[in-house]
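This report concerns only the one structure given below.
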Amino acid sequence: MSTTPLHDWNLEPEAAIALQRRLAGRVEHADRLDPVRRIAGVDIGFEEDGAVTRAAVVVLAWPPATGGAFEVVEQAVHREPTRLPYIPGLLSFREVPGALAAFDKLSSRPELVMVDGQGIAHPRRLGVASHLGLWLDLPTIGVAKKRLVGRHGPVPEGRGDWTPLVDDGPRGEEVIGAVLRSRARVKPVFVSPGHRIGLETAVAWVVACLGKTKLPEPTRLADRLASRRDEKRR
DNA sequence: GCGACAG
DNA sequence: ATCTTGTCGC
């Protein structure tokens with residue numbers, strides 16, 4: 001993939017959208033995973049009233065130890081001035097640069113990455129997970145807490161159950177993700193392929209990484225580190 | 001004009 | 001995303 005620094009990109013909305021259209025065509029929708037030994041979780045948080053972007057990456061060992069506990073192989077945090085405000089559909093331009101910088105601090109390279117946000121469940125099929133996957137050239141999965149686009153029917157109640165998230169594309173209706181019941185009696189999460197992975201495989205990995213909470217461990221731990229829940233809760 | 005709208 | 005106390009439940 002291109003190594004063009006994102007800060008060199010023209011971030012005018014029209015240009016950003018045109019770029020997303022081009023990049024979407026490069027996203028791979030079939031599984032192309034190496035044997036998985038490490039899974040990374042990525043998330044971005046903010047400090048100083050949003051003036052500072054805080055990107056966090058947590059690498060977990062796969063498989064988890066008997067009992068379900070995941071071993072944290074390593075983690076990294078990168079802070080930088082926030083580049084852009086939040087604009088639905090253009091989240092990548094706000095969060096990917098920081099995420100890449102955080103990845104640069106890692107000494108190991110994961111074989112799979114889970115991102116807090118959408119994958120192809122995006123207006124132009126290029127959510128933050130897909131965008132990051134292209135730049136890292138790694139399989140990525142988008143795990144979002146809310147819906148950005150698409151529609152779906154009732155979500156089955158059992159943990160691990162899911163219903164397809166569909167949206168209309170150039171060639172008619174297409175499945176862009178899964179609305180997954182990651183935990184009984186809790187609002188579902190939106191799982192969508194980011195890059196180099198298909199929907200079924202993506203859902204299987206998310207379910208395999210579920211602990212006791214709504215979010216899969218990689219994303220949950222990255223979220224905690226990005227929002228520094230540790231120091232805060234006191 | 002009125003909603004919808006990842007984080 | 002972020003600001004935040006208590007509270008219900010396993």
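Below, chain A is the first sequence line, B the second, and so on; all start at residue 1.
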Taking only nitrogen or oxygen atoms into account, show me every contact under 3.5 Å that the protein makes with nucleotides 2-5 of chain C, one pair per line with its distance.
unit_1 : atom_1 : unit_2 : atom_2 : d
C:dT2  : OP1    : A:F46  : N      : 3.3
C:dT2  : OP1    : A:S227 : OG     : 3.4
C:dT2  : OP2    : A:S227 : OG     : 3.3
C:dC3  : OP1    : A:K232 : NZ     : 2.9
C:dC3  : OP2    : A:K232 : NZ     : 2.6

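Listed by first and then second residue, the salt bridge (Lys or Arg N to Asp or Glu O under 4.0 Å) pairs involving residues 112-123 of chain A are A:D116-A:K145 (not counting sequence neighbours). Applying the ring-ring contact (aromatic ring centres under 6.0 Å, His included) definition to pairs two or more places apart or across chains, those involving residues 53-77 of chain A are A:W62-A:W205. Applying the side-chain hydrogen bond (donor to acceptor under 3.5 Å, both in side chains) test to residues at least two apart or on different chains, the pairs with a partner in residues 170-182 of chain A are A:R125-A:E174, A:R151-A:E173, A:E157-A:R181. For the salt bridge (Lys or Arg N to Asp or Glu O under 4.0 Å) condition, the pairs that include at least one residue of residues 196-212 of chain A, sequence neighbours left out, are A:D137-A:R196. For the salt bridge (Lys or Arg N to Asp or Glu O under 4.0 Å) condition, the pairs that include at least one residue of residues 48-72 of chain A, sequence neighbours left out, are A:E47-A:R54. Within the structure, side-chain hydrogen bond (donor to acceptor under 3.5 Å, both in side chains) pairs that include any residue of residues 33-46 of chain A comprise A:R38-A:E111 (at least two apart or interchain).
Here B:dC5 presents its P atom at 14 Å from CZ of A:R151, a figure rounded to the nearest Å. Rounded to whole angstrom, the span from the CG atom of A:D167 across to the C1' atom of B:dC5 amounts to 14 Å.
Residues passing the side-chain contact (heavy atoms from CB on, under 4.5 Å) test with A:R159 are A:L210, sequence neighbours excluded. Among residues two or more places apart in sequence or in another chain, the side-chain contact (heavy atoms from CB on, under 4.5 Å) test is passed with A:R183 by A:V186. For A:T163, the side-chain contact (heavy atoms from CB on, under 4.5 Å) test picks out A:H152, A:V155, A:P156, A:V179, with sequence neighbours left out.
At a threshold of 4.0 angstrom between heavy atoms, the contacts of A:L90 include nucleobase atoms, whether or not backbone atoms are also involved.
Stem list for DNA chain B (at least 3 consecutive Watson-Crick or G-U pairs, distances under 3.5 Å) is empty. In DNA chain C, no run of at least 3 Watson-Crick or G-U pairs (N1-N3 plus N6-O4 or O6-N4, or N1-O2 plus O6-N3, all under 3.5 Å) shows up, so the stem list is empty.
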Check step by step if side chain to side chain contact (heavy atoms under 4.5 Å, CB included) holds for A:V149 and A:L165. CA-CA 9 Å; A:V149 293; A:L165 176 66; 5.9 Å; no
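Neither OP1 nor OP2 of B:dA6 sits under 4.0 Å from any side-chain N or O of A:R147. The phosphate of B:dC5 has neither OP1 nor OP2 within less than 4.0 Å of any side-chain N or O from A:K146.
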